[in-house]
Novice: 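Starting off with a structure, shown below.
Below, chains carry the letters A, B, ... as their sequence lines are ordered, and counting in each starts from 1.
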Amino acid sequence: MSRQTPDLLPAADLAGEPRRRLSRIWPGWGSAKRVPLLIIGSVLGALVVLAGLLAPWITPYPQDAGAVVHPAQTLLAPSAAHWFGTDMVGRDIFTRVIFGARVSLGIVVLVLVVSAVVGLTVGLAAGFFGGWLDSVLMRVTDVFLAFPALLLSVALAAVLSPSALHAAMAIAFTWWPWYARLARGQAASIRRQGYSDAARVLGASRTRQLVRHVLPNAATPVFVQMSLDAAGIILTAATLSYLGLGAQDPTPEWGLMVAQGQPLATTAWWVITFPGFAILLTAVAFNFVGDGLQTVFDPKRGLR
Amino acid sequence: MSRYVASRVAQAFGVVLGVIVLTFVIARLIPGDPAVAYAGPRASAEELAAVREQFGLDQPLWQQFVTYITGIVHGDLGISLHTKQPVTSDLIQVLPTTLVLVGIALVFAALIGIPLGLAAARSQGTLGDLAAKVISILMVSMPVFWLAILLQIVFFSRLGWLPVAGQYDTALDSTSPLYSVIGVPVVDALLTGNWPVFASAATHLVLPVIAIAAYPIGAVAMVTRGALLENLGDEHIRMVRALGFSELSVFGRFALRPALNPIVSLIALVFAYALTNSFIVESVFNWPGLGSYAVKAIQTLDIPAILGVTLVVALLYVLLNLIVDLVQAIIDPRVRA
Amino acid sequence: MIRVRDLQVSYGDSVVAHIPELDLAAGQVLGIAGESGSGKSQTALALMGLTRYAGGSVTGSVQLGGVELSTLTNKQWRAVRGRRMAMILQSPRASLNPTITLGALFGRTLKLHGVPRAERQARMEQALVEVVLDPQILSRYPHEVSGGQAQRFAIALVAALRVDVLIADEPTSALDVTVQSEVIDVLRGLRERHGTAIVFISHDLAVIGELADQVMVMRRGEVVEQGPTSQILHEPAQQYTRELLLAVPVIGRTR
Amino acid sequence: SGKAPDSKPAPTNATFTYINNLDVMTSWDPATSYSNEGIATNNLYEQLTRSDPKTNKVEPLLATKWVASPDGLTWTFTLRDKVKFTTGNPMDAAAVKAALDRTIELAGGGAYIWDPVKTITAKDPATLVFDLKYAAPLDLIASSAYAAFIYDTKAVTGDLAKWFEAGHAAGTGAYVVDSWKKGTENELTLKANKDYWGGWSGVHYQSVVFKVVPQETTAVQMLQSGQGSFMPAVSSTVFASLKGAKGVTTEEAPSFQNMLAMLNTASGPLADVNVRKAVAEAIDYDGIITTVQGGMVKGTGVVPPGLLGYTTEVQPTTNAADATKLLTAAGYGPGGKKLSLVLTYAAGDPVQETVVTVMKANLASVGVDLQGKALAWETQWDLGKSTDASKHQDIFLFYWYPDYADPYSWFINLFRSATPPYFNLSYWDDKAADTTIDGLQAVTATDRPKAEQQYVELQKAISDQAVTAVLGVINYQRALASTVQGYVDNPSYGNVVFVYQLTPTA
Amino acid sequence: MSDLLLVQGLRLSYGEREVVHGVDLRVPAGPYGLGIIGESGSGKTTIARALLKLHPAGSGSVTFDGADVLALKGSALSAYRRDVQLVFQDGDGALDPRMSVLSSVSEPLAIHDTVPKAQRRERVAALLDEVGLPIDIMTRYPHQLSGGQRQRVVIARALALEPRLLVLDEPTSALDVTVQERVLQLVEGLRERRQLAYVLISHNLAVVDRLCESSVVLYEGAVMESGPTRDLLDSPVHPYTRALRSAVPEIGVHRPALTRITAGASVPSTGCPYSERCPLVLDICRAQTPALRDVGGRQVACHRADDVANLLA
Ligand SMILES: Nc1ncnc2c1ncn2[C@@H]1O[C@H](COP(=O)(O)OP(=O)(O)OP(=O)(O)O)[C@@H](O)[C@H]1O
Ligand SMILES: Nc1ncnc2c1ncn2[C@@H]1O[C@H](COP(=O)(O)OP(=O)(O)OP(=O)(O)O)[C@@H](O)[C@H]1O
Ligand SMILES: [Mg+2]
Ligand SMILES: [Mg+2]
């Protein structure tokens with residue numbers, strides 16, 4: 001790391017040169033280790049994902065995630081039989097919270113995939129080709145950006161009836177412009193980078209330039225942003241459900257569970273506490289990971 | 001600069017037009033006959049025809065769009081199906097409440113978030129920095145409806161320190177009646193010098209403001225920290241240190257100013273977020289603002305009201321973005337170039 | 001003026017600069033030469049007490065006019081930086097705050113060092129004239145001036161502070177040859193008119209040769225050779241110094 | 001009403017705050033008003049009489065006494081002297097006649113209660129004579145919570161209905177409108193009617209505020225903090241927790257209000273009676289009662305206990321196996337179509353929400369997908385009574401309570417055919433039932449046992465046809481601030497608090 | 001000797017602003033070096049980019065091996081880009097940070113499919129060897145290389161297609177003297193081994209002196225003087241060339257203080273672009289733009305060229 005002529009050094013010595021920039025390749029776990037939050041976030045996030053995947057096997061009453069009621073067991077306080085207590089129709093809250101991971105993660109994945117694909121496509125096209133295409137695409141993006149997701153969900157709920165899927169669609173509809181903007185900025189700056197010109201000089205076709213050079217380099221910040229956004233999407237989806245525009249009972253969606261338990265906040269605290277905590281935990285996990293990734297990729301900046 | 005302003009204003013107009021087109025399209029997508037919704041289900045065919053004519057629903061779509069635009073230009077957003085009042089006057093009534101709530105929350109976000117980010121940046125890499133970061137992340141990760149309920153339970157039910165909901169204690173109306181100026185009790189009380197009501201209104205503000213401000217505080221702190229760190233490593237900071245400036249000036253004057261840009265652009269984002277959150281916070285704390293109005297409109301499928309809210313929110317957003325861009329151009333001359 | 005003993009700059013476990021001994025009298029110019037990464041800038045930062053802000057640590061002794069600098073507190077340092085000792089950084093444009101005009105920075109700096117308001121304008125203009133800059137430049141932002149102008153402005157700024165010691169980190173390598181010689185000229189003027197001691201850093205021995213009284217050659221953080229300029233340039237003792245000399249492109253050497 | 005012995009000086013300026021989870025005023029016209037606004041209008045207007053189902057007696061109000069002819073066809077009411085409307089006009093026989101004539105003529109809302117009336121005659125300023133087509137309990141009818149208000153038809157010269165809808169009242173009640181702001185938290189404020197015939201000696205609330213607080217948690221907390229005086233319905237768990245809580249008193253009262261699931265007999269999959277039956281049998285009625293924990297008791301037929309025609313012969317039954325069989329026969333379930341149903345209910349009502357959750361589970365267990373749509377009451381009702389049948393829901397969940405202490409209200413409103421639909425949200429059209437219903441009032445007045453039998457028959461028919469599912473009878477669980485003294489629940493006037501009768505304490 | 005590259009009257013602009021005002025260049029077949037000298041902002045990079053068709057030409061002609069470059073399209077352009085390669089000023093940015101040295105250097109081979117996949121690795125190894133880099137560097141990423149190494153990777157990549165003309169845009173300005181020396185040696189070696197023709201852009205006369213037969217001196221987008229490098233350096237005629245010449249740092253030589261540049265020093269709208277800074281300026285210089293003309297075996301654009309030439313003689 002120190003005392004070196006820049007030119008004639010053996011390979012091993014150079015490899016450790018501390019030279020990090022945004023959009024460089026993954027700098028390795030060595031740097032990750034210096035970001036405790038990344039580790040914590042990854043572990044938490046992995047737990048949430050695992051919980052979602054293994055839900056049917058690790059929950060005591062898997063059927064409680066669906067349309068069942070147990071009138072005799074309503075609003076039982078947390079106990080050995082019901083770790084998180086039961087809700088107003090006697091369903092096991094622990095079971096529903098664990099299954100809720102599936103719903104939330106499903107929404108997150110859907111929104112991220114859709115908005116990343118759309119956003120990257122639009123953003124890269126705008127940034128790479130520039131000119132009037134850029135202006136048109138970016139103004140359209142601005143319009144969508146100015147449009148509140150909530151209201152769109154209302155429209156979708158009115159047209160197609162409220163559900164988790166439609167909420168996810170509404171979120172994606174207003175989420176992609178962020179990626180479009182980000183990707184456009186990246187593509188435009190990459191286009192100005194020497195290696196873009198270099199590719200042209202070497203005779204690379206536009207497609208090759210986009211796929212081999214622009215996309216991979218523009219994608220990193222988008223991916224980092226996506227991990228930060230996962231938290232925001234979970235919160236937005238929960239908010240929509242809370243307003244009755246998202247998932248509908250008996251879907252074990254965390255925001256919906258909080259909404260249902262709200263009248264009981266003072267009397268049966270466990271009904272809102274655990275799903276609310278699940279939202280918080282998952283959002284924190286994603287934010288930790290996102291922040292950690294950003295720190296690793298761009299140590300100067302840390303958080304956005 | 002003036003050319004820059006002009007081009008930004010023109011762009012903003014374009015975006016607003018786009019939003020209007022979009023709302024129009026969505027309004028047409030929502031099923032149901034607005035005439036029936038307005039005239040009521042027992043209306044006769046003639047009455048319906050009259051309503052259709054009155055609202056121009058019998059005209060071709062493009063003409064309806066022209067009418068719609070003309071209406072908007074004249075501040076006419078139609079009649080709410082729920083309140084039966086013009087949406088515009090409804091909005092004028094509810095908007096100040098929300099703006100005051102969100103405005104105060106954002107001011108808090110700046111007053112707490114920026115110093116928090118500054119402190120974290122100063123102590124980069126220490127435990128204090130980590131703590132500040134974790135706190136910020138917790139704040140941005142908190143589901144607002146959950147936070148609002150928790151706040152009520154802790155500060156009202158358990159501790160009894162703060163009122164649970166409402167804008168002020170209406171029992172005061174008999175002893176010190178409140179005169180409406182803009183329709184927001186805190187402001188009205190302040191403007192009319194009604195101190196008992198002002199004190200009550202101020203305490204009623206605390207919990208909703210905390211609930212709304214949580215996300216902005218966290219976000220501003222994170223961005224401030226990041227932007228400062230980005231600048232702190234820069235040569236110009238080394239330069240002012242070499243010139244003998246105190247650490248306070250180095251941070252407060254030289255590092256913060258270029259760092260203000262990302263913070264300012266964040267404000268627009270955070271504003272949009274806070275506005276959405278205010279929808280929920282208002283309903284939990286029973287504040288008669290845009291949020292409550294929107295929630296009611298959603299529940300009653302009051303399409304004109306929903307569209308009005310959409311348009312206002314979008315307009316506010318575009319306006320704020322415009323202001324942000326202009327402020328940025330003032331803060332950082334490179335933006336203008 | 002400056003007396004350095006066993007100065008060692010390190011980041012974590014790695015030592016990036018080590019100066020066993022260095023003395024610089026008033027009005028003298030010391031040139032520090034060496035390839036990229038040899039520790040020149042780190043040495044300069046250490047002299048200014050700025051290493052810790054970059055996350056490094058310094059051991060050894062640095063004295064300025066008999067006062068030990070290594071034990072100074074933050075506050076005491078501020079009485080040294082900008083008053084007795086100043087520094088021009090390697091990248092001219094990046095070292096100016098992008099959000100304030102050159103004039104604002106200049107004015108604030110003079111105010112900081114107790115120049116009364118009435119005198120400031122005159123002081124600024126005089127300093128600018130010395131580096132051949134139009135005072136109009138004060139109303140410009142850094143991105144509105146060329147690299148050469150930024151570099152000359154930085155020199156004017158520190159010159160106006162009337163410091164005893166000026167450290168100039170590669171003040172010329174970012175510039176065209178034509179502008180380079182002008183900057184050298186300005187520095188020469190400072191030293192002659194105000195008796196300023198100058199530490200002049202460059203990887204180009206030919207440039208150093210124009211100005212310096214003594215030269216220190218560094219490589220990989222260590223001092224390779226140290227001595228009067230003519231001796232180093234004409235009778236270098238070390239192979240590395242010879243390589244460095246040979247690397248300087250000279251017109252008509254080979255074809 | 002009892003005056004509470006309290007040593008503390010009573011506040012002279014006390015405000016009674018009624019916390020409601022829904023908007024209060026949907027209609028202002030005392031003739032046609034037929035919805036939640038009863039909680040306010042009953043403090044603005046008065047009827048000729050007031051019924052007390054607990055004592056089974058009818059008490060004087062604007063009428064001081066009344067006599068019926070032996071055949072029950074002529075009723076003579078003597079009006080209270082020196083009563084003025086808040087408009088300043090005198091409340092005399094001519095005014096009362098004008099008001100009731102207008103109500104009958106408009107024929108909206110609860111106006112059907114006057115169906116037996118042939119003519120109304122103002123004999124002299126203090127005497128009003130009703131001639132009936134057939135015998136009917138007119139003293140009881142006159143006490144009705146809806147459509148029996150006495151109001152000033154001369155309040156304005158122009159369009160009276162328009163004037164009312166702008167938020168005006170012209171009654172004789174103890175309170176007058178102070179302000180009304182639709183859609184705001186303090187939707188409606190009433191202030192004392194200084195000229196009230198009852199007078200203001202003693203301690204009374206001087207103003208009434210109707211606060212709209214959709215969130216129950218918030219509402220309860222407001223009550224506890226003294227920002228509210230009364231909550232009409234508290235969910236059972238919260239109710240349990242409020243028992244013995246500081247600053248709050250709880251009241252539990254049986255009611256005439258039941259929760260019904262009206263099944264769409266006219267369109268959609270439920271038009272098939274077997275599918276309706278399957279749905280009715282799939283519902284776990286006992287489970288619902290257990291789940292709402294004291295919020296409801298199990299119902300039998302449509303008529304709740306305590307009213308004429310209550311019967312145990314009709315019982316809702318739960319039989320999932322049978323339901324599955326019926327569905328399979330109708331072509332649904334395994335191998336057949338997937339049955340999905342849309343149920344609408346009122347947003348912000350936690351009890352309904354819980355019930356919907358249970359119903360979803362019940363129906364899911366027989367393979368039916370139930371989609372619950374929470375709507376604002378007005379929207380729910382608007383869609384339900386829409387002339388466009390395609391907008392109709394499959395199941396309409398709501399509460400019903402009688403206008404006066406008599407079961408007739410259910411049958412005439414909910415089960416008699418009507419086009420366009422109004423409250424008959426099952427859209428049931430059964431000519432035989434219609435005929436029976438039309439004769440019910442007369443039979444009641446002349447032959448109670450026969451009336452009772454007819455009510456039971458009707459309920460059997462409704463049950464056989466699975467027109468509605470009786471989910472339970474509400475057990476009112478109310479909460480009051482302990483500063484409120486003298487509250488007595490009157491199930492004839494669902495959720496109404498007669499504020500004038502209450503005594504504020506410090 | 002026929003010209004490999006012939007540029008005549010090339011004008012280039014950014015939007016409205018013209019930055020290159022009619023430049024002529026001539027490169028015969030290799031081994032041959034043409035130097036372009038000029039201070040920062042004089043339009044050197046813009047010319048280089050225009051030669052590679054990375055920047056649209058305003059007017060003028062560019063002929064390569066008899067073909068009109070400006071009209072090239074499709075496969076002809078692709079073929080041209082195989083024959084002419086550019087080494088960028090900023091070696092750092094010229095390499096995709098996500099591509100290893102191997103993939104970077106083999107990219108042109110993949111694009112033009114000149115070498116079968118299986119042999120590409122071998123070919124890359126040979127190229128790296130040619131530019132003096134160890135083979136094991138192949139698996140590294142740009143950020144793991146030093147500035148000099150990066151610049152040599154860029155050169156290796158440019159050589160992969162065996163170009164006939166190389167355009168080197170300040171290949172060493174980002175490097176310190178020791179590294180610069182190695183890169184210059186490399187170019188010298190290639191020139192002989194590969195019979196390479198190249199255009200070398202630099203602001204350092206000494207560098208050009210070492211590698212170029214002839215040179216062009218640019219000032220503000222216009223040619224001030226051009227001719228055999230030797231002549232330009234030994235007896236510069238144009239006052240700007242003279243200033244440049246005397247500004248070259250040399251060990252043991254004190255450079256004279258140059259013409260003082262004032263802060264407002266701008267390019268005059270009429271007349272000789274150098275007139276603001278010129279010590280020999282006359283009224284005519286401010287009024288009339290001097291044309292290039294033959295003065296003592298080279299081309300000079302100066303009204304006082306004869307005076308200077310006489311002075312020298
Ligand atoms: N913050 C730091 N942490 C660790 N090592 C550092 C840090 N800053 C600089 N170094 C290392 O210190 C060594 C000396 O750097 P320095 O900047 O003094 O070189 P220099 O001689 O000024 O080179 P140049 O001519 O490129 O400016 C380098 O190897 C560099 O990698
Ligand atoms: N993208 C651009 N847009 C507008 N003007 C530009 C752009 N790039 C360069 N210029 C301008 O064109 C002129 C010529 O620039 P060019 O980069 O060709 O100079 P150069 O001789 O290569 O300078 P250097 O030695 O600094 O690399 C300069 O005045 C520059 O400011
Ligand atoms: Mg350095
Ligand atoms: Mg260039």
Novice: Please assess B:Arg238 against C:Tyr53 for the test side chain to side chain contact (heavy atoms under 4.5 Å, CB included), listing each intermediate value before the final yes or no.
Specialist: CA-CA 8 Å; B:Arg238 193 171 268 177; C:Tyr53 294 110; over 6 Å; no

Novice: Would you name the heavy atoms of B:Ala242 and C:Leu50 that are closest together and state the gap between them?
Specialist: CB-CD1, 3.9 Å

Novice: Nearest 0.5 Å, please: how far is CG in B:Leu256 from OG1 in C:Thr99?
Specialist: 9.5 Å

Novice: Which one wins on heavy-atom pair count under 4.5 Å against chain B: C:Gly82, C:Pro142, C:Ser95?
Specialist: C:Ser95

Novice: Could you tell me which non-hydrogen atom of C:Asn97 sits nearest to which non-hydrogen atom of B:Phe254, and how far apart they are?
Specialist: ND2-O, 2.8 Å

Novice: So, the side chain of C:His113 versus the backbone of B:Leu243: is there a donor-acceptor pair under 3.5 Å, distance only?
Specialist: yes

Novice: How long is the span from the CE atom in C:Met87 to the CZ atom in B:Arg241, to the nearest 0.5 Å?
Specialist: 13.0 Å

Novice: Does CD in C:Glu68 sit with more than 12 non-hydrogen atoms of other residues, nucleotides or ligands closer than 6.0 Å?
Specialist: yes

Novice: Which atom pair, heavy atoms only, marks the closest approach of C:Gln90 to B:Glu235?
Specialist: N-OE1, 4.1 Å

Novice: Name the region of C:Ile167, side chain, backbone, both or neither, that has any atom closer than 4.5 Å to a heavy atom of chain B.
Specialist: neither

Novice: At a heavy-atom separation under 4.5 Å, does C:Ile88 approach chain B through its side chain, its backbone, both, or neither?
Specialist: neither

Novice: Looking at every heavy atom in both C:Leu96 and B:His236, which two are closest together, and how far apart are they?
Specialist: C-CB, 3.5 Å

Novice: Quick check on B:Ser246 against chain C: is it the side chain, the backbone, both or neither that has a heavy atom closer than 4.5 Å?
Specialist: both

Novice: Please report the C-alpha distance between C:Arg108 and B:Arg253 in whole Å, then the side-chain angles of each, then the deciding distance to 0.1 Å, and finally whether the side chain to side chain contact (heavy atoms under 4.5 Å, CB included) criterion is met.
Specialist: CA-CA 11 Å; C:Arg108 274 187 204 170; B:Arg253 275 178 158 177; 3.6 Å; yes

